[in-house]
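Model, not experiment: these values are computed from the prediction.
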Amino acid sequence: MSGMDDERVRFYLKHRQQIETWAALRKEASAAVDAWLRTLVDDVEQLAGDLGTDVRALPPEDEGDWPFFGLVRETWSAGGARPWIKVGLQWVRKDVLLREGQVPYVGVSTYVGEDHGVKLRAAFRKHADPTRRARGDRTTPWWPALREVPCDFDYWDKRDAARDTLLAALREAFEVYSPLVDQAVATVGAQRPEAD
């Protein structure tokens with residue numbers, strides 16, 4: 001049997017134009033999901049208030065390919081400066097469909113561009129790695145604790161359920177990891193060391 005006799009190939013050749021049109025919708029669908037995710041900003045602010053008077057939502061980081069909503073305790077941000085460590089929700093803007101590997105993720109994010117950020121990340125990992133491993137969370141260079149949050153249901157018709165799923169995951173990450181961030185900040189400090 002030649003390749004032209006393969007039923008799947010024949011189907012594609014017969015319906016190529018329609019298949020290509022449908023496949024192009026993936027980009028539009030990701031843009032729609034990204035736009036919807038960015039509407040969670042007020043919910044994240046409310047969540048910060050629910051978590052305590054010393055917790056604040058960071059202004060959304062909406063530049064580039066990785067939008068981010070974050071939560072910090074006042075003690076983590078050195079008097080309102082950019083925090084070196086935060087608990088957050090992030091996604092890949094052009095590749096987010098809320099399922100099958102194209103999902104937002106929550107966890108602890110660290111700024112590792114300078115020595116102080118590297119030290120804070122190391123201190124956090126020392127305290128958090130047993131918890132992270134027990135939860136099955138993974139790590140990346142920027143995220144010492146990270147978990148994907150899929151919405152394995154018809155979220156396009158059940159947006160409130162999707163919102164609840166994402167916010168619950170963010171709340172859980174904060175509740176689990178914030179005491180460990182507190183320990184890391186107590187060990188290393190939140191403030192950038194003064195230059196000599």
Side-chain angles (χ1 to χ4, degrees), residues 36-63 66-91 96 98 103-114 116-151 155 159-193:
W36 177 79
L37 284 167
R38 287 184 274 130
T39 69
L40 298 178
V41 65
D42 292 336
D43 298 296
V44 173
E45 296 226 0
Q46 182 177 339
L47 176 59
D50 293 347
L51 289 168
T53 57
D54 67 330
V55 179
R56 68 179 170 92
L58 296 170
E61 296 174 20
D62 199 24
E63 298 175 16
W66 296 277
F68 178 90
F69 293 135
L71 300 169
V72 295
R73 288 194 197 282
E74 293 300 329
T75 55
W76 302 352
S77 60
R82 178 191 71 207
W84 292 92
I85 192 164
K86 53 201 171 195
V87 176
L89 169 72
Q90 189 170 48
W91 61 94
V96 61
L98 300 188
V103 297
Y105 39 91
V106 297
V108 177
S109 173
T110 56
Y111 180 73
V112 294
E114 296 179 27
H116 186 72
V118 171
K119 288 176 186 173
L120 192 55
R121 175 190 169 84
F124 173 78
R125 288 198 60 182
K126 177 182 173 189
H127 298 294
D129 271 357
T131 300
R132 182 192 58 76
R133 282 193 295 273
R135 286 172 46 89
D137 292 352
R138 58 189 185 92
T139 67
T140 71
W142 292 89
W143 293 77
L146 169 72
R147 171 177 287 196
E148 293 183 342
V149 186
C151 292
Y155 63 86
R159 282 172 263 179
D160 286 344
R163 172 179 273 112
D164 292 346
T165 297
L166 294 164
L167 293 173
L170 181 57
R171 173 186 285 275
E172 179 186 19
F174 188 86
E175 290 173 344
V176 167
Y177 287 118
S178 64
L180 303 169
V181 172
D182 290 339
Q183 291 176 4
V185 169
T187 302
V188 177
Q191 215 154 357
R192 176 188 305 209

Roughly how far, to the nearest 0.5 Å, is [atom2] of [Y] from [atom1] of [X]?
X: Lys119; Y: Thr110; atom1: NZ; atom2: OG1; answer: 14.5 Å
X: Leu120; Y: Ile85; atom1: CG; atom2: CD1; answer: 4.5 Å
X: Leu40; Y: Phe69; atom1: CG; atom2: CZ; answer: 5.5 Å

Query raised in the report: Hey, mind stepping through Phe174 and Trp76 against ring pair (Phe, Tyr, Trp, His ring centres under 6.0 Å) and telling me if it holds?
Result: CA-CA 13 Å; Phe174 188 86; Trp76 302 352; 5.7 Å; yes
So, using side-chain contact (heavy atoms from CB on, under 4.5 Å) as the criterion, who are the partners of [X] when residues are at least two apart?
X: Val103; result: Glu148, Pro150
X: Val118; result: Val112
X: Ala161; result: Phe153, Lys158
X: Gln183; result: His127, Leu180

Query raised in the report: For atom CZ of Arg159, is the number of surrounding heavy atoms from other residues, nucleotides or ligands below 6.0 Å larger than 12?
Result: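 Atom CZ in Arg159 is not packed in, count stays at 12 or less.
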**Report entry** Residues in side-chain hydrogen bond (donor to acceptor under 3.5 Å, both in side chains) contact with Gln46, at least two apart in sequence or another chain
**Finding:**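 Checked Gln46 against side-chain hydrogen bond (donor to acceptor under 3.5 Å, both in side chains); zero matches.
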Report task. Apply side-chain hydrogen bond (donor to acceptor under 3.5 Å, both in side chains) to Ser178 and list each qualifying residue two or more places apart in sequence or on a separate chain. Result ->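 Arg73.
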Identify the two heavy atoms, one from [X] and one from [Y], that lie closest to each other, and give their separation to 0.1 Å.
X: Thr75; Y: Val185; result: O-CG1, 3.7 Å
X: Trp66; Y: Tyr105; result: CD1-OH, 3.7 Å
X: Pro60; Y: Val41; result: CG-CG2, 3.3 Å
X: Phe124; Y: Ala145; result: CE2-CB, 4.2 Å
X: Leu170; Y: Leu89; result: CD1-N, 4.0 Å
X: Val106; Y: Ala169; result: CG2-O, 3.7 Å

[X]: salt bridge (Lys or Arg N to Asp or Glu O under 4.0 Å) partners, not counting sequence neighbours:
X: Arg132; answer: Asp129
X: Asp164; answer: none
X: Asp50; answer: Arg171
X: Arg163; answer: Asp43, Asp160

Requested in this report: For residues Leu51 and Glu175, determine if any side-chain heavy atom of one lies less than 4.5 Å from a side-chain heavy atom of the other.
Outcome: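 Yes. Closest side-chain heavy atoms under 4.5 Å.
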Query raised in the report: Tell me, do Pro83 and Leu58 make a side-chain contact under 4.5 Å, heavy atoms counted?
Result: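 Touching, per the 4.5 Å side-chain cut-off.
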Distance-only check: which donor-acceptor pairs under 3.5 Å involve side-chain atoms of residues 136-144, not counting sequence neighbours?
residue	atom	partner	partner atom	Å
Asp137	OD1	Arg147	NE	2.7
Asp137	OD1	Arg147	NH2	3.0
Asp137	OD2	Arg135	NE	2.9
Asp137	OD2	Arg135	NH2	3.4
Asp137	OD2	Tyr177	OH	2.8
Thr140	OG1	Trp142	N	3.4
Thr140	OG1	Trp143	N	3.0
Trp143	NE1	Gln90	OE1	3.3

Report task. With side-chain contact (heavy atoms from CB on, under 4.5 Å) as the test, would you mind laying out the steps for Val72 and Arg56 before giving the verdict? Result -> CA-CA 6 Å; Val72 295; Arg56 68 179 170 92; 3.8 Å; yes
Requested in this report: For side-chain contact (heavy atoms from CB on, under 4.5 Å), just list the numbers for Leu98 and Thr165, CA-CA rounded to whole Å, side-chain angles, deciding distance to a tenth of an Å, and then say yes or no.
Outcome: CA-CA 11 Å; Leu98 300 188; Thr165 297; over 6 Å; no
